[in-house]
Number of protein chains: 2
Amino acid sequence: MVNGYAERFEGMDPSKVLGALELMRSGSILIRKLDAYFATHDLSQLRFLTLVLIDREPERTALAANEIAEKLDVSRPVVTRTLQGLQQAGLIRISGNKDDARAKEVSLTPLGESKLGEVLPGYFGILHDAMPNSEARQ
Amino acid sequence: MVNGYAERFEGMDPSKVLGALELMRSGSILIRKLDAYFATHDLSQLRFLTLVLIDREPERTALAANEIAEKLDVSRPVVTRTLQGLQQAGLIRISGNKDDARAKEVSLTPLGESKLGEVLPGYFGILHDAMPNSEARQ
DNA sequence: CTCCTTTAGTTAGCATGATAACTATATATA
DNA sequence: TATATATAGTTATCATGCTAACTAAAGGAG
């Protein structure tokens, strides 16, 4: 398809365009695989990454919703909704911040921790398998 | 973040995992750029690709909704909705297929053709610029 | 020819992303 | 201190993907 158009656009390098299309394609395929995997664990990309983020927080056991939105680069309303879902599933605990009445503190429940431990190996496995061996040896 | 977990998973190659994460990240960024570009032209990825597909159809000037769903790998309900939007915008014409009363035929209007001509250069430009020069020279 | 299955498309409803506009609280300034 | 501005979070609404279940037409088997 690209070649059909390529003739009409001077200075265009079809290999670059095809590379970009391939980038989007392989990225999308990987995201689909992960979504399918997460779905089998009653999670989603964002739900999973939220758990990871709380788990990995150094020096603290809790995070503000605001920080989650920034670090995961999603809008705050999406974080609100996601946290509500995780709380309902019993995976996180949401409490008020005693220093700032506006803020909330989010931490993992034991169930959330075990869910994370259960899902992580498969997650890394999918990422691992998604890469060709040529890029594997450093 | 990955290294923190890497120690706990035997046989995992962190460079592969990081490569996969980078793949998803760069793919997502490119998709966002394209979406932002399409939005300035009252289009979306799917609306744009639908126009391209109809335009590129060899030997015919029309396509069935069904074929669009297959070639773009999206569900048929999404195609229905997208075609309705394109029709309302005056970019495509939808007519019945005289050989099969179930099927519909979709073709570009002159407005659709000019819209495509207006959007294509910027589209290829974004794809082109998204790729590093190292992959450019064949 | 009649009935069953397949196919094209639509409708309804869910998930998950976004922005705009709102409330409540914190902070800075006059 | 009083008021203005900034920040945390929520609500409402939209966009765009999906599946399930539906209608209507086509095609095949008896």
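Hydrogens, waters and symmetry mates are skipped; everything else that's a heavy atom, side chains included, is used. By convention in this document, chain letters (A, B, ...) are assigned in the order of the sequence lines, proteins followed by strands, and residues within each chain are numbered from 1.
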Item to complete: Answer yes if the side chains of B:T109 and B:R93 hold a donor-acceptor pair under 3.5 Å, and no otherwise.
Response: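 Judged by distance alone, the side chains do not pair up.
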
Using a 4.0 Å heavy-atom cut-off across all strands, classify [X] as base, sugar-phosphate, or nothing.
X: B:D100; result: sugar-phosphate
X: B:V74; result: sugar-phosphate
X: B:Q84; result: sugar-phosphate

To the nearest Å, how far apart are [X] [atom1] and [N] [atom2]?
X: B:L34; N: D:dT16; atom1: CG; atom2: C1'; value: 16 Å
X: B:R76; N: D:dT23; atom1: CZ; atom2: P; value: 16 Å
X: A:R81; N: D:dA12; atom1: CZ; atom2: C1'; value: 11 Å
X: A:R32; N: D:dG17; atom1: CZ; atom2: P; value: 11 Å
X: A:D35; N: D:dT16; atom1: CG; atom2: C1'; value: 14 Å
X: B:I68; N: D:dT16; atom1: CD1; atom2: P; value: 16 Å

Fill in: 5' to 3' contact window, DNA chain C with chain A (heavy-atom distance under 4.0 Å)
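Both ends considered, the range comes out as C:dT16 to C:dA26.
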
Worksheet entry | Nearest-neighbour nucleotide for the B:A101 side chain, D:dT10, D:dA26, D:dA8 considered |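 Selected nucleotide (nearest to the side chain): D:dA26.
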
Fill in: Out of D:dC18, D:dG9, D:dA26, whichever nucleotide has its closest atom nearest the side chain of A:A65
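Closest of the options to the side chain of A:A65: D:dG9.
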
Discussion item. Is it the case that the ring center of A:Y123 lies less than 6.0 angstrom away from the ring center of A:F48?
Written reply: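 Under 6.0 Å, so yes.
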
Worksheet item: Of A:E70 and B:V78, whose nearest nucleotide on DNA chain D comes first from the 5' end?
Response: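 Its nearest nucleotide lies further toward 5', so the answer is A:E70.
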
Item to complete: Could you pick out which residue, B:L43 or A:N66, lies toward the 5' side of DNA chain D when each is mapped onto its nearest nucleotide?
Response: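 Taking each residue's closest nucleotide, the earlier one in sequence belongs to A:N66.
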
Fill in: OP1 or OP2 of D:dC18 under 4.0 Å from side-chain N/O of B:S75
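Yes.
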
Please confirm whether the backbone N or O of [Y] pairs with a side-chain atom of [X], one donor and one acceptor, at under 3.5 Å?
X: A:R47; Y: A:D42; result: yes
X: A:E67; Y: A:A64; result: yes
X: B:K115; Y: B:H41; result: yes

Worksheet item: Thinking salt bridges, do A:E57 and A:K71 make one under a 4.0 Å N-O criterion?
Response: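 Looking at A:E57 and A:K71, the cut-off is met.
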
Practice prompt. With sequence neighbours excluded, tell me which residues meet salt bridge (charged side-chain N to carboxylate O under 4.0 Å, His left out) with A:R102.
Written response: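 Listed in chain order: A:D100.
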
